[in-house]
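Below, chain A is the first sequence line, B the second, and so on; all start at residue 1.
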2 protein chains.
Amino acid sequence: MNAIQRRSPRAEAKAESQRERILDAAQKCFIEHGFHGAGMALIAETAGVSAGLIYRYFDSKHAIVLAIIARELEGKRAKIEELHARDDFLEAVIAKFRGWQAGEPEVMNAPLFLEMSAEGTRAPEVARAIAASDALTRQDFERWLLRPRAEGGVGMAADCARRSALLVQCLIEGLVVRAVRDPGLDAATLREALAPVFHAMGLTPGVQAAPPSPEPSP
Amino acid sequence: MNAIQRRSPRAEAKAESQRERILDAAQKCFIEHGFHGAGMALIAETAGVSAGLIYRYFDSKHAIVLAIIARELEGKRAKIEELHARDDFLEAVIAKFRGWQAGEPEVMNAPLFLEMSAEGTRAPEVARAIAASDALTRQDFERWLLRPRAEGGVGMAADCARRSALLVQCLIEGLVVRAVRDPGLDAATLREALAPVFHAMGLTPGVQAAPPSPEPSP
DNA sequence: AAAAAATGAATGAGCGTTCATTCTTACGGC
DNA sequence: GCCGTAAGAATGAACGCTCATTCATTTTTT
């Protein structure tokens, strides 16, 4: 962390806005050129500040990368939460998919997601942050699947919810990859492919969950 | 492409082995440090040659990146083909998943998969190569799903096969991501999560495909 | 001895980072 | 209200280093 002590809360607020300004610029650069491909000079120019000034707010480029990752992980969790706030889960997922394809800044950025995942295989601290965030995300999913339908949940049994949470997590991550690799894939085709799975899992409104067990009891 | 004309087929063969030697080293470096993070000096040292020599076999570092991507895409298709050569699709997928977790060189490398996908969002030629490869992979899947069970296929209807191919592609890509982000996820848990889906799709041996349509006929 | 293969030092550009310097802001005495 | 001043904010040139790439030179092959 940066160790500058600031006098007034007024100054503190401005300092914080500068930090975000730099982070926003860094995020844009990292998306366009990757963590290693984007240089400090480019980040500084994008942020509209001098290169030297960045070091008043961040200790190093690596610190910026970590801050971006932390910010993105936090944002991801919030965005995933939105998925089971809507009554139609399938449509919510497809709406997010469109956002990933278009690279909209309001949703979790897909190229950054890939970059972060790859970076996790090199930097252990990144791997730990990702693992912690993923565990929380899956817990969020599981709680939603467990909650009764009357309370906006799906009303699954315990082991069923655990399995389904993992499955949905894999599927969503797969969709992020697909959005990047096939930006032209249309939503209707995707809907047709996903609908039966979500239907069978009971994620379609008004449909009870089928028991997802490998050997259905006779 | 490199424009060196070689005299004998003997020399041509040795030149080709040098190329592969350099590509093997580059692949290792790219996996460990990313496309931008790995330098020519490191690649040269890993390959056991001088830095200058690499330019006798490749025009530039970018050419090496493209060659690695092309090679990996080709390998990926072959490895995916193996999936529907085995009689138990689920077990085949889980075996691959273990390979992705362990980072085994014999299967498609997961970090490289992420790096390539991210690079596709920046370099149009990479995006084109990936899109072409993905289309072929999905066609392979679709053909397998269409083929009668007697011939080792799944025996699906046409539109059902098209949807299922997309779904399986998304799922597998999701599993690659999951293998990277959760190297500790055990195969048994994953099997329990995947089994009902594969079962419902008729990919479990001896089970007929359920009609994956959003509205099953009454 | 001619040709090909391989070397590794040299090159300029760009990297992340630092720092002496300049500009901006805040504020107490008048 | 105004000014002097001290501290904070911001600059951009400079640093040492590494990068991808080149090429005169040496070693190996034929």
Side-chain angles (χ1 to χ4, degrees), chain A residues 1-27 29-30 32-69 119 122-123, chain B residues 1-27 29-30 32-68 115 119 122-123:
Chain A
M1 271 295 133
N2 211 279
I4 292 180
Q5 289 287 353
R6 255 167 279 267
R7 308 308 186 263
S8 68
R10 170 84 180 77
E12 184 63 46
K14 181 168 187 185
E16 193 53 40
S17 90
Q18 282 281 62
R19 286 174 89 94
E20 282 180 27
R21 187 173 160 72
I22 293 167
L23 282 182
D24 288 343
Q27 174 160 344
C29 294
F30 289 156
E32 283 171 12
H33 302 93
F35 288 137
H36 296 286
M40 292 297 275
L42 181 64
I43 295 173
E45 191 192 343
T46 305
V49 298
S50 65
L53 185 62
I54 293 181
Y55 287 86
R56 186 170 293 272
Y57 299 97
F58 295 94
D59 287 339
S60 65
K61 184 188 176 182
H62 188 233
I64 299 180
V65 171
L66 293 183
I68 288 288
I69 289 177
E119 197 65 16
R122 291 160 210 143
Chain B
M1 273 294 134
N2 211 280
I4 291 180
Q5 289 287 352
R6 257 166 278 268
R7 309 305 186 268
S8 69
R10 170 84 180 77
E12 184 63 48
K14 180 168 187 186
E16 194 52 42
S17 91
Q18 282 281 61
R19 287 173 87 95
E20 282 180 28
R21 187 172 160 72
I22 292 167
L23 282 182
D24 288 342
Q27 175 161 343
C29 296
F30 289 157
E32 283 172 14
H33 303 93
F35 288 137
H36 296 286
M40 293 298 276
L42 180 64
I43 295 172
E45 190 192 344
T46 305
V49 299
S50 66
L53 185 62
I54 294 181
Y55 288 85
R56 185 170 293 271
Y57 298 97
F58 295 94
D59 288 338
S60 65
K61 183 187 176 184
H62 188 232
I64 299 179
V65 170
L66 293 183
I68 288 287
E115 201 86 27
E119 197 65 16
R122 293 160 210 142

*Asks:* For D/dA10, does either OP1 or OP2 sit under 4.0 Å from a side-chain N or O belonging to A/Y57?
*Replies:* yes
*Asks:* Please report, rounded to the nearest Å, how far the C1' atom of C/dT24 is from the CD atom of A/Q18.
*Replies:*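 Roughly 13 Å, once rounded to whole Å.
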*Asks:* For B/E45, look at atom CD and say whether over 12 heavy atoms of other residues, nucleotides or ligands are found less than 6.0 Å away.
*Replies:* no
*Asks:* What's the closest nucleotide to the side chain of B/S50 if the choices are C/dT17, C/dG8, D/dT21?
*Replies:*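 Out of C/dT17, C/dG8, D/dT21, the nucleotide with an atom closest to B/S50's side chain is C/dG8.
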*Asks:* Reckon A/G52 touches a base, only the sugar-phosphate, or nothing at all at heavy-atom distances under 4.0 Å?
*Replies:*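 Touches a base.
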*Asks:* Nearest to the side chain of B/V49, heavy atoms from C-beta on, is which of C/dT17, D/dA9, C/dT7?
*Replies:* C/dT7
*Asks:* Flag the pair A/R21 / A/V49 as yes when at least one side-chain heavy-atom distance between them is below 4.5 Å, and no otherwise.
*Replies:* yes
*Asks:* What heavy-atom pair brings B/I43 and B/I22 nearest, and what distance separates the two atoms?
*Replies:*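 What the structure gives for the nearest pair is CG2-O, 4.3 Å.
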*Asks:* From C-beta outward on B/Y55, which listed nucleotide comes closest to its side chain: D/dA10, C/dA6, D/dT21?
*Replies:* D/dT21
*Asks:* What does A/A38 touch in the nucleic acid at a heavy-atom separation under 4.0 angstrom: a base, only the sugar-phosphate, or nothing?
*Replies:* sugar-phosphate
*Asks:* In whole angstroms, how far is the C1' atom of C/dT7 from the CD atom of B/E45?
*Replies:*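 Taking CD of B/E45 and C1' of C/dT7, I get 15 Å after rounding.
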*Asks:* Taking NE2 from A/H33 and P from C/dC15, how many angstroms apart are they, rounded to a whole number?
*Replies:* 10 Å
*Asks:* Taking for each residue the nucleotide of DNA chain D with the nearest heavy atom, is it B/K14 or B/G39 whose nucleotide lies nearer the 5' end?
*Replies:*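 Counting from the 5' end, the first nearest nucleotide belongs to B/G39.
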*Asks:* Using atom CD1 of B/I54 as one end and atom C1' of D/dT22 as the other, report the distance to the nearest whole Å.
*Replies:* 14 Å
*Asks:* Could you state the CE-C1' distance from A/M40 to C/dT18, rounded to the nearest angstrom?
*Replies:* 12 Å
*Asks:* Taking the side chain of A/R56 as its heavy atoms from C-beta onward, which of C/dA6, C/dT17, D/dA9 lies nearest to it?
*Replies:*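 Closest nucleotide to the A/R56 side chain: D/dA9.
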*Asks:* Whole angstrom is fine here: how far is it from CZ in B/R19 over to P in C/dA5?
*Replies:* 12 Å
*Asks:* Without decimals, in angstroms, what is the distance between A/L42 CG and C/dC15 C1'?
*Replies:* 13 Å
*Asks:* Checking contacts here: which listed nucleotide (D/dA10, D/dA20, C/dT17) is nearest the side-chain heavy atoms of A/L53?
*Replies:*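 Of D/dA10, D/dA20, C/dT17, D/dA10 is nearest to the side chain of A/L53.
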*Asks:* Go through the steps for B/K61 and B/F35 under the test side chain to side chain contact (heavy atoms under 4.5 Å, CB included), then give the verdict.
*Replies:* CA-CA 9 Å; B/K61 183 187 176 184; B/F35 288 137; over 6 Å; no
*Asks:* B/K61 NZ to D/dT21 P: how many Å, rounded?
*Replies:*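 Those two atoms, NZ and P, are 8 Å apart.
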*Asks:* Across the strands shown, which category fits A/A63 at heavy-atom distances under 4.0 angstrom: base, sugar-phosphate, nothing?
*Replies:* nothing
*Asks:* Can a salt bridge be assigned to the pair A/R122 and B/E115 using a cut-off of 4.0 Å between side-chain N and carboxylate O?
*Replies:* yes
